[in-house]
Q: 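Pasting in a structure now, in structure tokens, and then I'll have a few things to ask.
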Amino acid sequence: MRCRSRIWALSTTTSTSGRLESSGRKPVGPGARFIAFEGVEGAGKSTQIRLVADALRKQGIEPVVTREPGGTRAGEAIRAVALDRDLELDPATELLLMLAARSVFVRQVVRPALEAGRIVLTDRYELSTFAYQGGGRQLPLTDVRELNQLATGGLRPDLSMLLDVDPDRGLARRTRGARDRIEGADLDFHRRVAQTYRELARAEPNVALIDGRGEIEQVFAAVWEALSARFPETFAPRQG
Ligand code: T5A
């Protein structure tokens, strides 16, 4: 069978959090969900995570809200290095930093939370690496995927919400401080990232492509609809 795209050709099909059970690890708790928010700079990920978390709290559910790179002490220290605009880092070093942070993140934050039956909402996960280091930095995707597999042990999100926004719009939304090392890359880099994300949305399982250009509430309605279509028992359909 012919492959649809370069990214599709390199995809490996792995299951979601159920994989924890099949790989002999502790089973995930009932109700556990691992949801990643993805997109270019300023796509609105943090904003949407905050809204989803607030809505879950109103249902009496306290989610684990976290981010990558980061989420652990080691991961936050690695983040500071990876994003420091005064450092010159080649693409392979950048990749390995992201994956070092992911390895500790999966083991210290995500797996324990899923085993405890929690909902994990993360600002970025593996699609960021495929899009930024694979697409943006143009590292071979086979290498990126293999190393990512080592870092995650095969743990994939139940759903990745890709907030689709053109990179110039996303960058223009940013109001805080100076651009970090990756934000400061040229627009061609950010366009390759956006293009790779769109290809991933077509090729990868469990990705919901959300139009991120509308008003915040409008985007949230689309995000919640995608979540409740997939997990109606957890993300109750909204009335009206
Ligand atoms: N990275 C990360 C890699 O290269 N490889 C990897 O493997 C990983 C995991 C992380 C950096 O690391 C790189 C990618 C990144 O460069 P980050 O903090 O996650 O850094 O990256 P950013 O995308 O820059 O985070 P931001 O906080 O800037 O963007 P968000 O979270 O997407 O956007 P948000 O919600 O903070 O919104 C930004 C602004 O826009 C407004 C908000 O109010 C805010 O002011 N906004 C909207 N305005 C209009 N309409 C909407 N719909 C809006 N939604 C939000």
Side-chain angles (χ1 to χ4, degrees), residues 36-54 65-72 75-76 78-85 87 89-106 109-110 121-139 141 143-145 147-152 156-157 160-187 189-190 192-194 196-197 200 210-224:
F37 287 74
E38 296 277 1
V40 297
E41 314 292 326
K45 302 176 305 300
S46 321
T47 303
Q48 295 301 324
I49 287 178
R50 197 169 55 247
L51 292 172
V52 169
D54 286 348
V65 175
T66 186
R67 69 171 182 179
E68 272 219 283
T72 63
E76 292 294 332
I78 294 168
R79 178 188 179 99
V81 172
L83 302 187
D84 185 341
R85 64 198 180 114
L87 295 179
L89 302 176
D90 60 89
T93 303
E94 181 179 282
L95 170 68
L96 293 169
L97 286 170
M98 296 299 172
L99 295 179
R102 181 156 309 141
S103 182
V104 68
F105 176 71
V106 165
V109 176
V110 186
L121 305 175
T122 181
D123 193 332
R124 299 189 181 278
Y125 190 62
E126 62 182 14
L127 295 192
S128 286
T129 321
F130 303 159
Y132 279 78
Q133 281 66 52
R137 300 294 190 211
Q138 300 179 297
L139 288 171
L141 269 161
D143 293 349
V144 174
R145 285 183 184 278
L147 291 166
N148 180 63
Q149 171 75 19
L150 179 68
T152 62
R156 307 203 77 185
S160 296
M161 312 290 306
L162 173 53
L163 303 179
D164 188 32
V165 167
D166 284 332
D168 29 8
R169 183 191 291 249
L171 286 165
R173 280 181 184 169
R174 288 190 68 273
T175 47
R176 64 176 155 77
R179 289 185 178 182
D180 65 37
R181 202 179 57 76
I182 295 180
E183 287 168 338
D186 61 33
L187 197 53
F189 167 85
H190 292 290
R192 285 197 298 277
V193 172
T196 309
Y197 264 131
L200 289 163
I210 305 289
D211 185 344
R213 294 171 300 176
E215 297 291 321
I216 289 173
E217 266 304 318
Q218 204 180 345
V219 177
F220 175 61
V223 164
W224 193 267

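Read the numbers this way: they start at 1 and go in the same order the structure lists the ligands and their atoms.
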Q: Would you check if the side chain of R85 reaches a backbone N or O of R181 as a donor-acceptor pair within less than 3.5 Å?
A: no
Q: Using 0.5 Å steps for rounding, measure from the CZ atom of F130 to the CD atom of E38.
A: 9.5 Å
Q: Return a yes/no value: protein heavy atom under 4.0 Å from atom 42 (C) of ligand 1?
A: yes
Q: Of the protein's non-hydrogen atoms, which lies at the shortest distance from atom 45 (O) of ligand 1, and what is that distance?
A: R173 O, 4.0 Å
Q: Could you measure the distance from the CG atom of L162 to the NZ atom of K45? Nearest 0.5 Å is fine.
A: 10.0 Å
Q: Between E76 and R67, is the closest basic N to carboxylate O distance under 4.0 Å?
A: yes
Q: If you measure every N or O of E41 against every N or O of ligand 1, does any of those distances drop under 3.5 Å?
A: yes
Q: D180 to ligand 1: N or O pair under 3.5 Å?
A: no
Q: So is G39 touching ligand 1 or not, going by heavy atoms under 4.0 Å?
A: no
Q: Taking T93 for its side chain and L89 for its backbone only, find out whether a donor-acceptor pair lies under 3.5 Å.
A: no
Q: Is a side-chain donor or acceptor of T72 paired with a backbone partner of G75 at a separation under 3.5 angstrom?
A: yes
Q: State the CG-CZ distance between L150 and R102, to the nearest 0.5 angstrom.
A: 12.0 Å
Q: Taking side chain to side chain donor-acceptor pair (under 3.5 Å) as the criterion, tell me which of E94, R137, R124 meets it with Y132.
A: R124
Q: Does L99 offer a backbone N or O that forms a donor-acceptor pair with the side chain of S103 under 3.5 Å?
A: no
Q: Any Lys/Arg nitrogen of R156 or E126 sitting under 4.0 Å from an Asp/Glu carboxylate oxygen of the other?
A: yes
Q: When you measure from atom 33 (O) of ligand 1 to every protein heavy atom, which one gives the shortest distance, and what is it?
A: G44 N, 3.2 Å
Q: Has ligand 1 got any nitrogen or oxygen that is less than 3.5 angstrom from a nitrogen or oxygen of K45?
A: yes
Q: Tell me the contacting part of L163 for ligand 1: side chain, backbone, both, or neither, using a 4.0 Å heavy-atom threshold, strictly below.
A: neither
Q: What protein heavy atom sits nearest atom 8 (C) of ligand 1, and how far away is it?
A: S128 CB, 3.6 Å
Q: Between R213 and V165, is there a donor-acceptor pair closer than 3.5 Å when you use the side chain of the first and the backbone of the second?
A: no
Q: One residue to check: T47. Relative to ligand 1, which of side chain, backbone, both or neither has a non-hydrogen atom less than 4.0 Å away?
A: both
Q: Please state which protein non-hydrogen atom is closest to atom 36 (O) of ligand 1 and give its distance, to 0.1 Å?
A: S46 OG, 3.6 Å
Q: Just let me know how Q133 lines up against ligand 1, side chain, backbone, both or neither, with a heavy-atom cut-off below 4.0 Å.
A: side chain
Q: For atom 7 (O) of ligand 1, which protein heavy atom lies nearest, and how many Å away is it?
A: T129 OG1, 2.7 Å
Q: Within a distance under 4.0 Å of any heavy atom of E68, pick out the atoms of ligand 1 and give their elements.
A: 9 (C)
Q: Quick test: of every protein heavy atom, which one is nearest to atom 29 (O) of ligand 1, and how far off is it to 0.1 Å?
A: G42 N, 3.2 Å
Q: Taking E183's backbone N and O only, do any of them form a donor-acceptor pair with H190's side chain (distance below 3.5 Å, no angle check)?
A: yes
Q: Under 4.0 Å from a heavy atom of I182: which atoms of ligand 1 are those, numbered in the order shown and with their elements?
A: 4 (O), 13 (C), 16 (O)
Q: Which heavy-atom pair separates L83 from D180 by the least distance, and what is that distance?
A: O-CB, 3.3 Å
Q: Against heavy atoms of L83, which atoms of ligand 1 measure under 4.0 Å?
A: 11 (C), 12 (O)
Q: Given 3.5 Å as the limit, does a donor-acceptor pair link the side chain of D166 with the main chain of D168, or not?
A: no
Q: Looking only at protein heavy atoms, which one is nearest to atom 53 (C) of ligand 1, and what is the separation?
A: I216 CG1, 3.4 Å
Q: Looking only at protein heavy atoms, identify the closest one to atom 27 (O) of ligand 1 and say how far it is in Å.
A: R176 NH2, 3.3 Å
Q: When only distance counts, is V219 in polar contact with ligand 1, meaning an N/O pair under 3.5 Å?
A: no
Q: Which atoms of ligand 1 have any heavy atom of A43 under 4.0 Å away?
A: 32 (O)
Q: Could you work out, for atom 9 (C) of ligand 1, the closest of H190, R179, R102 by heavy-atom distance?
A: R102
Q: If you take the nearest heavy atom of each of M98, R79, R124, which one is closest to atom 18 (O) of ligand 1?
A: R79
